[in-house]
**Student:** 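Here it is, the structure, as structure tokens.
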2 protein chains.
Amino acid sequence: MTDLSNDIFRTINSVRNGTSSEEVSSQLREMIHRGELRPGDRLPPERDLAKLLGVSRPTLRAAIRSLAAVGVLQSRQGAGTFVVKTEGSPSLDSSPLRLMASLHGFTSGEMFEARRSLEMAIAGLAAERATSDHLASLSEEIAGMYASLDDPEQFLVHDMRFHQAVAAASGNRILTSLMNMVAAILFDVRRKTVNRAKDLKESAEMHRHVYRAIRDRNSEAARNAMRDHLVLAQKAQESEEPNGGDNGNGDGQSWRT
Amino acid sequence: MTDLSNDIFRTINSVRNGTSSEEVSSQLREMIHRGELRPGDRLPPERDLAKLLGVSRPTLRAAIRSLAAVGVLQSRQGAGTFVVKTEGSPSLDSSPLRLMASLHGFTSGEMFEARRSLEMAIAGLAAERATSDHLASLSEEIAGMYASLDDPEQFLVHDMRFHQAVAAASGNRILTSLMNMVAAILFDVRRKTVNRAKDLKESAEMHRHVYRAIRDRNSEAARNAMRDHLVLAQKAQESEEPNGGDNGNGDGQSWRT
DNA sequence: CAGGCGAAATGGTGTGACCTTTATGCGAAC
DNA sequence: GTTCGCATAAAGGTCACACCATTTCGCCTG
């Protein structure tokens with residue numbers, strides 16, 4: 001092991017401009033990329049890993065923090081640091097998109113449109129590829145919606161699961177991840193809205209149209225049905241919540257003058 | 001058991017009694033959300049800001065590191081920490097998607113399909129909304145492509161700029177960001193391929209078809225032209241680089257015990 | 001054999017110091 | 001008067017060490 005000649009290697013590696021923590025972060029990324037770190041794996045204790053990588057614990061922690069921020073690692077005090085294991089469809093953290101929306105003033109209209117575009121594409125693919133198992137899942141959620149027309153919260157659960165099922169049927173996990181990313185942001189607003197029974201009935205109908213189009217292997221119809229559904233959902237949401245939704249912290253911790 | 005669809009939509013800043021650094025991170029996010037921190041702004045020195053927020057410097061650094069990892073903040077030694085200012089279209093960091101691809105073995109086919117879906121949607125929107133300025137930009141890049149049929153590297157520049165211009169014409173910055181995110185990953189491979197002159201000519205033709213469809217306000221034609229273009233581009237790239245996205249795993253028990 | 005308790009493991013935070021890089025301003029040289 | 005260059009300050013990067021908080025798991029007690 002070359003652990004005492006770090007001084008020389010540091011100089012050589014400095015061509016990569018990488019600060020130490022970035023260098024460590026890259027090393028961990030490489031381990032993941034090469035498959036040496038797999039979902040569910042536990043990393044060695046920070047104190048040990050820091051020694052193995054030849055850096056101090058704070059530096060290693062900075063690297064871990066970077067990867068944790070993008071949802072790849074997860075640290076649990078007392079337990080250890082783990083490579084995130086996603087059951088079901090993997091999901092990208094939506095906070096970067098959320099922050100970018102704040103920074104650049106993205107309108108909710110853009111957000112809805114992005115979701116609509118993604119879900120239309122996904123519905124189209126689902127119509128081409130859905131297996132009987134997928135269709136069964138879709139049908140089940142539709143039934144769940146009709147069964148909970150008087151329970152908006154429960155209805156919403158089936159609603160989300162339906163869209164998840166469509167995404168699963170599309171067979172494209174990347175589009176699914178992107179959809180979830182956008183949907184998560186819109187969801188924060190939606191969970192606060194109380195849908196009327198009439199809206200729920202109509203929503204269930206439109207979901208059923210999507211399902212039937214997918215079942216009939218009609219890609220174009222699936223896209224259109226999904227578009228109609230989301231356009232209506234957008235209108236319903238915008239009519240109920242005309243304001244932007246801002247939690248008044250009121251702390252005034254501002255350090256700006 | 002199957003209620004994991006809820007986990008996907010969890011938000012960090014829930015009742016989750018965040019650790020100190022998460023708390024600080026949330027505070028900074030709130031500042032951005034409320035517009036107290038704007039692109040280009042410089043944060044106070046870490047030592048001062050730590051005192052203002054009532055935490056130690058390492059804790060504050062952890063929070064800053066988290067936000068830097070998602071591309072919201074950027075620290076420059078000796079200068080300070082700044083809110084990232086994006087010239088041109090804002091872009092999300094692609095490393096999370098890249099890592100997720102490694103972790104879950106996403107195939108390059110899925111990646112291509114995701115890009116295709118996004119760009120088709122974008123092209124469709126562009127056909128509905130492109131202004132004359134947008135059309136001028138598109139036309140200019142097409143001309144650039146034809147002018148550099150014998151210079152693959154230069155051709156690639158115009159190629160990318162064309163797709164950027166289409167995205168700009170779509171008017172949806174979120175879809176644009178997502179497209180860039182996916183395209184950045186595919187680009188790493190593409191920059192290594194050496195396109196033959198015949199391919200470039202054909203590619204330029206297909207770009208022109210996209211342009212004409214957008215100019216003619218024909219959304220469906222724009223989508224189809226973009227699809228045809230990307231399908232061909234995928235075939236060309238895959239034929240030159242036959243290795244897929246399958247990570248070989250290869251055991252690699254480096255530091256595990 | 002079961003359950004609780006406590007020690008060890010492990011990540012989280014704080015303090016202080018020093019290094020490296022960048023920015024800035026002052027003075028000297030042209 | 002302008003410009004170049006160096007000294008100094010500012011600010012992030014790294015490190016060592018100590019201690020706290022939480023989780024885990026084995027041992028001990030009932």
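Lettering of chains follows the sequences in order, A, B, ..., and the numbering in each one begins at 1. We use all heavy atoms of the structure for the numbers below, so side chains are in, but hydrogens, waters and symmetry mates are not. The structure displayed is predicted, hence computed values, not measured ones.
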**Student:** Please tell me whether B/D133 and B/T131 have a donor and an acceptor in their side chains that are separated by less than 3.5 angstrom.
**Tutor:** no
**Student:** Expressed in angstrom and rounded to an integer, what is the separation of B/E23 atom CD from C/dG12 atom P?
**Tutor:**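 Answer to the nearest Å: 16 Å.
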**Student:** Nearest-Å distance, CZ (A/R47) to P (D/dC17)?
**Tutor:**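 Rounding to the nearest Å, CZ of A/R47 and P of D/dC17 are 13 Å apart.
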**Student:** Consider the side chain of A/R42, meaning its heavy atoms from C-beta on, and name the nucleotide among D/dA21, D/dA16, C/dT10 that approaches it most closely.
**Tutor:**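 Selected nucleotide (nearest to the side chain): C/dT10.
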**Student:** Grab the NZ-C1' distance between A/K51 and C/dT10 for me, whole Å please.
**Tutor:**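 The answer, rounded to whole Å, is 15 Å.
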**Student:** In terms of side-chain heavy atoms, does A/R116 have a donor or acceptor partner in A/Q234 at a distance below 3.5 Å?
**Tutor:**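 There is such a pair (donor and acceptor under 3.5 Å, judged by atom type) between the side chains of A/R116 and A/Q234.
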**Student:** Would you please say whether a donor-acceptor pair under 3.5 Å links the side chains of A/R65 and A/S21?
**Tutor:** no
**Student:** Rounded to whole angstrom units, what separation is found between the CG atom of A/L43 and the C1' atom of C/dT10?
**Tutor:**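 Whole-Å distance recorded here is 13 Å.
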**Student:** Whether the side chain of B/N172 engages the backbone of A/E110 through a donor-acceptor N/O pair (distance < 3.5 Å, no angle test) should be reported.
**Tutor:** yes
**Student:** How do A/P58 and A/T81 order along DNA chain C: which one's closest nucleotide is nearer the 5' end?
**Tutor:** A/T81
**Student:** OP1 or OP2 of D/dT14 less than 4.0 angstrom from a side-chain nitrogen or oxygen of A/S21, does that happen here?
**Tutor:** yes
**Student:** Output the rounded distance in Å from CG (A/L49) to C1' (C/dT10).
**Tutor:**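 That distance rounds to 13 Å.
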**Student:** Looking at C/dG11, does its base get a donor-acceptor pair with the side chain of A/R65 below 3.5 Å?
**Tutor:**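 Under the 3.5 Å cut-off, the side chain and the base do not form any donor-acceptor pair.
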**Student:** Heavy atoms only, 4.0 Å cut-off, all strands: where does A/R76 land among base, sugar-phosphate and nothing?
**Tutor:** sugar-phosphate
**Student:** Could you check how far CG of B/L53 sits from P of C/dG14, rounded to whole Å?
**Tutor:**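 Those two atoms, CG and P, are 11 Å apart.
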**Student:** Would you kindly give the CZ-to-C1' distance between B/R61 and C/dG16, to the nearest whole Å?
**Tutor:** 15 Å
**Student:** Which nucleotide sits closest to the side chain of A/E46: D/dG13, C/dT22, C/dG12?
**Tutor:** C/dG12
**Student:** Taking only N and O in the side chain of A/S20, is any of them less than 4.0 Å away from OP1 or OP2 of D/dT14?
**Tutor:** yes
**Student:** Distance check needed: C/dG12 P versus B/L60 CG, whole Å only.
**Tutor:**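 Result: 16 Å.
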**Student:** Among C/dG12, D/dT14, C/dT20, which is the nearest nucleotide to the side chain of A/S56?
**Tutor:** D/dT14
**Student:** For a quick check of understanding: with a heavy-atom distance under 4.0 Å over all strands, which category does B/P45 fall into, base, sugar-phosphate or nothing?
**Tutor:**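 It contacts sugar-phosphate atoms only.
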**Student:** So, is B/T59 near the phosphate of C/dG14, with a side-chain N or O under 4.0 Å from OP1 or OP2?
**Tutor:** yes
**Student:** When you measure from the side chain of B/H163 to the backbone N and O of B/M160, does any donor-acceptor pair fall under 3.5 Å?
**Tutor:** no
